[in-house]
Student: 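The structure that follows is given in the form of structure tokens.
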Amino acid sequence: EVCKGVNGLEMVVLREARGSSAEVYLYGGHVTSWKNDHGEELLFLSSKAIFKPPKAIRGGIPICFPQFSNHGSLEQHGFARNRIWSIDNDPPPFPTNSSSRAFIDLILRPTEDDMKIWPHSFEFRLRVALGPGGDLMLTSRIRNTNSDGKPFSFTFAYHTYFSVSDICEVRVEGLETLDYLDNLQNKERFTEQGDAITFEAEIDKIYLSTPTKIAILDHEKKRTFVLRKDGLPDAVVWNPWDKKAKTMADFGDEEYKHMLCVEAAAIEKPVTLKPGEEWRGRLELSAVPSSYCSGQ
Ligand code: BG6
């Protein structure tokens, strides 16, 4: 059932039997809320988020497609995050997520105007599902429906904003020793040294060829987010910190302390699809008490 969210924008609420929930806006195909079975919000959403096209919603899970950030000639992060998606009532069978009954299928097809800025016909199907344990699963399927025989290439990210208690007490495991492109240093390539990633300043890095599992440990909240991903080799880690935060109209000056973006992505090697071909990118998020994690 579709209901009205902020500013009358349409959204869908998913509820799972044990109490977890999620909210998905048709504007952007954008998950804005994910709560565990205690009703605790797990995603960061800015108190200054502007729920008004064409500004993308600040927080939750924006979809970056067909371009990540400014890695190309399109608008920042592509246009999928500021288009109105439709509910897909008749999706082709998904191979996974079949055990979940709390899910919604959305679809985005380009308009004629979209095809003036990105001259390709595509179908982007997004399934958002809640698992029985409250896990949040996003599956994207993008198909080239060009009738002119032309392939297309794109970059992609699930730009997830996690809610954290204090960014200074957070660490990310799974990215140690990897190569990354540093967006704060002309996208130059470096290699991460040493231990888990911790935060004490602005960060904007694209880690390359990352493992399928990444963990965000929130020491103060005693909570660990586990990301599992498929088809998404890269992982962006972003926090604007204080100075950049002040330049963002839709982000509170102090909010950087309570968020961290870890974005499952395909950036370094763009995905290329021939007509008729389909790509799939999957993200599964769980939030578990830290005491249940090994090595804590
Ligand atoms: C991150 C990028 O993914 O998104 C950053 O790596 C960017 O460079 C950030 O600043 C936020 O982008 P936007 O367009 O939502 O303000």
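We count ligands from 1, going down the list as the structure has it; atoms in each ligand are counted the same way. As a basis for the values below, the full set of heavy atoms in this structure was taken, side chains included, without hydrogen atoms, waters or symmetry mates.
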Student: What is the minimum heavy-atom distance between Arg18 and Asp37, and which atoms define it?
Tutor: O-CB, 3.1 Å

Student: What residue and atom, counting heavy atoms only, is the protein's closest point to atom 3 (O) of ligand 1, and at what distance?
Tutor: Glu263 OE2, 2.9 Å

Student: Regarding atom 6 (O) of ligand 1: of the candidates Ile57, Asp204, Ile206, which has the closest heavy atom?
Tutor: Asp204

Student: Can you find a heavy atom in the side chain of Val128 that is under 4.5 Å from one in the side chain of Val12?
Tutor: no

Student: Quick check: Phe154 with Trp279 (ring centres under 6.0 Å apart)?
Tutor: yes

Student: How about Asp148: does its CG atom have over 12 heavy atoms from other parts shown lying under 6.0 Å from it?
Tutor: yes

Student: Aromatic contact between Phe65 and Phe122, with the criterion being ring centroids under 6.0 Å apart: yes or no?
Tutor: yes

Student: Looking only at protein heavy atoms, which one is nearest to atom 7 (C) of ligand 1, and how far off is it?
Tutor: Gln76 NE2, 3.8 Å

Student: Does the pair Phe199 and Tyr256 meet the rule for a ring pair (Phe, Tyr, Trp, His ring centres under 6.0 Å), with working shown?
Tutor: CA-CA 11 Å; Phe199 303 93; Tyr256 74 93; over 10 Å; no

Student: Students should be able to answer this: which protein heavy-atom is nearest to atom 16 (O) of ligand 1, and at what distance?
Tutor: Arg58 NH2, 3.0 Å

Student: Is atom NZ of Lys246 surrounded by more than 12 heavy atoms (other residues, nucleotides or ligands) closer than 6.0 Å?
Tutor: yes

Student: At under 4.0 Å between heavy atoms, which part of Met248 makes contact with ligand 1: side chain, backbone, both or neither?
Tutor: neither

Student: Minimum distance, heavy atoms only, to atom 10 (O) of ligand 1: which one of Arg81, Lys205, His77, Lys244 is it?
Tutor: Lys244

Student: For atom 4 (O) of ligand 1, grab the closest protein heavy atom and report residue, atom and distance to one decimal in Å.
Tutor: His159 NE2, 2.8 Å

Student: Which ligand 1 atoms are under 4.0 Å away from a heavy-atom of Phe68?
Tutor: 3 (O), 6 (O)

Student: Considering only heavy atoms of Asn183, which atoms of ligand 1 have at least one such atom less than 4.0 Å away?
Tutor: 6 (O)

